[in-house]
Structures are given as structure tokens and as C-alpha cells.
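Below is one structure, written out as C-alpha cells; comments come after it.
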Amino acid sequence: MDAADRAEVVIEKEMDCMIAKSQRRLQGNNQTGACVDCDGMIPMDRMAALPGCARCVACQNEIEGS
Ligand SMILES: [Zn+2]
């Protein structure tokens, strides 16, 4: 395996990581309680009402265009 092959493996691993990350974002499977967009804390009552929600109210509103 030469240097170019090794670089390709690293890039592939990073791609896998990025894909997994974006899939988690799309699924909204958020266990951290922090907004995926602004990293702000999502209020507990919002987390309780929408289990696994990935965004705070402000970012969700922006996405929904309201
Ligand atoms: Zn947010």
C-alpha cells in the first residue's frame, strides 16, 4: 500500500463519519439535548414534548420557514 492508497483510506473513513453524522441530523435522533444547528440547549419541556428533537425552537422555525 503506497501513500496515495493510505490517504484514500483516511478520506473514506472521514466520509463514513460525515455520512453517519448527517444521517443522525436528518433523523433528528438527538440524545444530547443540544441543538444540532446552533448548539444551544433545547428546553426540557420541548425535549419531553418531542423526544429526540434535534433543534431548538428558533432553528426549527427557520427550517420550517415560519
Ligand atoms: Zn438552535
Side-chain angles (χ1 to χ4, degrees):
M1 191 181 265
D2 64 20
D5 284 336
R6 275 197 294 275
E8 217 160 277
V9 169
V10 169
I11 289 166
E12 258 173 45
K13 277 186 182 161
E14 278 180 8
M15 287 294 288
D16 283 348
C17 184
M18 280 173 63
I19 290 165
K21 250 187 187 173
S22 64
Q23 277 175 343
R24 275 200 298 276
R25 286 171 71 110
L26 287 173
Q27 285 163 357
N29 187 21
N30 183 10
Q31 304 296 329
T32 66
C35 175
V36 295
D37 283 346
C38 72
D39 282 331
M41 289 302 294
I42 299 170
M44 286 304 293
D45 57 350
R46 177 167 168 78
M47 290 295 284
L50 293 164
C53 69
R55 287 175 183 85
C56 68
V57 179
C59 292
Q60 189 64 50
N61 283 346
E62 206 152 292
I63 282 167
E64 289 170 2
S66 57

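Atoms within a ligand are numbered from 1 in the order they appear, just like the ligands themselves. These values consider heavy atoms only, across backbone and side chains, with no hydrogens, waters or symmetry-generated copies.
- Here the straight-line distance linking atom SG of C53 with atom CZ of R46 works out to 4.5 Å at 0.5 Å rounding.
- The number of protein N, O or S atoms lying under 2.8 Å from the Zn ion (ligand 1) is 4.
- With sequence neighbours left out, the side-chain contact (heavy atoms from CB on, under 4.5 Å) criterion links V10 to E14.
- By the side-chain contact (heavy atoms from CB on, under 4.5 Å) test, C59 is found to be paired with C35, D37, C38, R55, C56, residues two or more places apart in sequence or in another chain being considered.
- Every residue two or more places apart in sequence or in another chain that forms a side-chain contact (heavy atoms from CB on, under 4.5 Å) with D2 is listed here: A4, D5.
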